[in-house]
Amino acid sequence: MKFEFSEEQEELRAQARRLLRERCTSTVIRRVFDGQASYDAPLWGLICDLGWTSVAIPTDHGGLGLGKLEACVIAEELGRALAPVPYLSSAVAFADTLLLAGDQEQRQKWLPEIASGEAIGALALAEGAGVRAWSRSHVVAAPITGREVALDGVKWPVADAACADVAVVTAAGPAGIGLFLVDLRQDGVTVEPIDSLDQSRPLARIKLAGARGQHLAGGSEMIDAVLDRAAVVMAFEELGGAEACLHMAVAYAKERYAFGRPIGSFQAIKHRLADLYAELELARSNCFYAAWALATDDPSLSEAACCARLAMARVFVMCAKEMIQVHGGIGFTWDFDAHLYYRRAKHLSAALGGPMRWRERLIALLQAKDLAAAAFSGTEAGARVA
């Protein structure tokens, strides 16, 4: 089995890296970080014009219909550049939810706008702290007529909600926890920005007071499926950020001199960088396997998503911390970009439920597999005896 991207996908990567190197500068990131905008509109417009937001959306819904691997390639480069844009929330998580749980009318209404960038989507699952916030909900969905409901409650923190036009919201309905499509531009919806560690990827609180929503298919099992797919693409975003941290640390270790020699020649620095490289490559293998499982819809997708998510959440934070340490005094300063990578690493680590949720999910999946294997072995043994 061969895990690598095609020539066309590598060309897409090269194009994305060139563009982001030119257009996604530290000034752009800090402008959003300082609260001057909820995302960088010029960069987002360019990304939409190039079709990056439509690569994984089918052609009959206004997309390019390329696939999930292209989305992973783009996410990796966006992560490398710390791009302050709602790509993961809108073009990945929201679009995937509609493709999995939406009906034809809902897809035809929203997916072309998501693909073109005319609308931005968000995924509103959490309600404050807690690793299982989506398995229960204090937001109530009261039936109105047909598939329409009235929603009351608060969802927070919601990534990219401040710039979103529409969101998928979890709420408690008559049949239990469900997914609901909510237009955030209607009366009855209030979106309030909240402080976060990484203001270049701002969070917000969505208050719903009788807001109208439309029921989507599925419940908690659909939420797990959506999160599995989003986790794989997020792992690639973390992979790009971690690799950028390692490259910055290595470059500085080569040019910074102490006692008449580059600090990279000292074992204390050299061995730390070598350890980071080994950790990063192991995590990369988890990402590649998860991307293959996602692209082929392999039954191992859930386990692969957990492994990729856990590996990259840990390694990105590790690389960001070590980069700061290698840079010494300058690494701790506000003007240097190291803290921006550390903030993004911590932000993504806590997203989609955080490591604890994914660790528990992986354990549950492996236990279920062991039980199934044991049951199969018992049945097979019984058949042989018979």
Side-chain angles (χ1 to χ4, degrees), residues 72 75 79 88-89 92-94 96-97 100-101 122-139 153-161 167-172 176-179 194 196-198 201 203-206 218-239 241-242 283 286-287 289-291 293-294 299-318 320 343-371:
C72 290
L88 186 73
S89 296
V92 177
F94 179 82
D96 266 352
T97 306
L100 289 172
L123 198 59
L125 306 181
E127 296 175 18
V131 297
R132 297 188 185 89
W134 46 84
S135 63
R136 62 185 187 276
S137 179
H138 298 295
V139 176
V154 181
K155 306 296 290 189
W156 71 281
V158 183
D160 300 310
V168 170
V169 174
T170 50
I177 298 297
L179 293 167
I194 59 178
S196 65
L197 183 64
D198 182 10
R201 289 286 290 275
L203 303 174
R205 179 182 289 107
I206 299 177
S220 58
E221 74 287 347
M222 185 62 71
I223 297 171
D224 285 335
V226 169
L227 290 175
D228 287 344
R229 285 159 172 75
V232 176
V233 182
M234 178 178 283
F236 274 88
E237 183 178 352
E238 292 173 310
L239 175 61
N286 280 286
C287 290
Y289 182 82
L294 177 62
S300 66
L301 171 59
S302 294
E303 295 171 31
C306 291
C307 292
R309 179 82 182 95
L310 289 167
M312 281 315 314
R314 183 179 69 87
V315 171
F316 190 9
V317 172
M318 183 188 302
R343 290 170 185 271
R344 180 64 59 84
K346 296 295 286 185
H347 171 87
L348 293 180
S349 175
L352 302 183
M356 186 179 295
R357 185 262 175 187
W358 293 96
R359 191 175 298 114
E360 291 183 352
R361 176 158 166 74
L362 178 59
I363 291 171
L365 290 169
L366 294 176
Q367 287 176 337
K369 180 182 285 188
D370 286 345
L371 289 173

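- Counting all heavy atoms, side chain and backbone alike, Cys306 lies closest to Trp358 at SG-CE3, 3.7 Å.
- Considering only heavy atoms from C-beta on, Asn286 comes within 4.5 Å of Cys307 through its side chain.
- How far CG of Leu365 is from CG of Asp228: 7.5 Å, rounded to the nearest 0.5 Å.
- Residues Ala124 and Val158 approach most closely at CB-CG2, 3.8 Å, considering heavy atoms.
- Within the 4.5 Å cutoff, no side-chain heavy atoms of Ile206 are placed close to those of Val169.
- Shortest non-hydrogen contact noted between Arg229 and Leu301 is NH1-CD2, 3.8 Å.
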Exercise. Apply side-chain contact (heavy atoms from CB on, under 4.5 Å) to Leu197 and His347, showing your working.
Key: CA-CA 7 Å; Leu197 183 64; His347 171 87; 5.7 Å; no

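- From Leu362, atom CG reaches atom CD of Gln367 across 10.0 Å, with rounding to the nearest 0.5 Å.
- Side-chain atoms of Arg361 and Leu227, non-hydrogen and from C-beta on, never get closer than 4.5 Å to each other.
- In terms of heavy-atom proximity, Ala293 sits nearest to Ser300 at CB-OG, 4.2 Å.
- Taking OG of Ser89 as the reference point, atom CZ of Arg201 lies at 6.0 Å (rounded to 0.5 Å).
- Note that CD of Glu127 and CZ of Arg205 are 12.0 Å apart. Values are rounded to the nearest 0.5 Å.
- In this structure, the side chains of Leu179 and Thr170 come closer than 4.5 Å at one or more pairs of heavy atoms.
- Contact record, Val92 with Ala230: CG1-CA, 4.3 Å, taken as the closest heavy-atom pair.
- Looking at heavy atoms from C-beta onward, Arg309 lies in side-chain contact with Glu238 at the 4.5 angstrom threshold.
- Taking the side-chain contact (heavy atoms from CB on, under 4.5 Å) definition, one finds that Val317 meets it with Lys321, Tyr342, Ala345, Lys346, Ser349, sequence neighbours left out.
- Residues Glu237 and Phe316 are not in side-chain contact: their nearest non-hydrogen atoms beyond the backbone lie 4.5 Å or more apart.
- Applying the salt bridge (Lys or Arg N to Asp or Glu O under 4.0 Å) rule to pairs touching residues 299-308 yields Glu303-Lys369, sequence neighbours excluded.
- The two atoms that bring Cys72 and Phe236 nearest to each other are O-CB, 3.5 Å, heavy atoms only.
- Contact of the Ser137 side chain with the Lys155 side chain is registered, since non-hydrogen atoms from C-beta on lie closer than 4.5 Å.
- Residues Arg314 and Pro355 have side chains not in contact (no heavy-atom distance under 4.5 Å, counting atoms from C-beta outward).
- Test Val168, Asp160, Leu88 against Phe94 for side-chain contact (heavy atoms from CB on, under 4.5 Å) and you get one pass: Val168.
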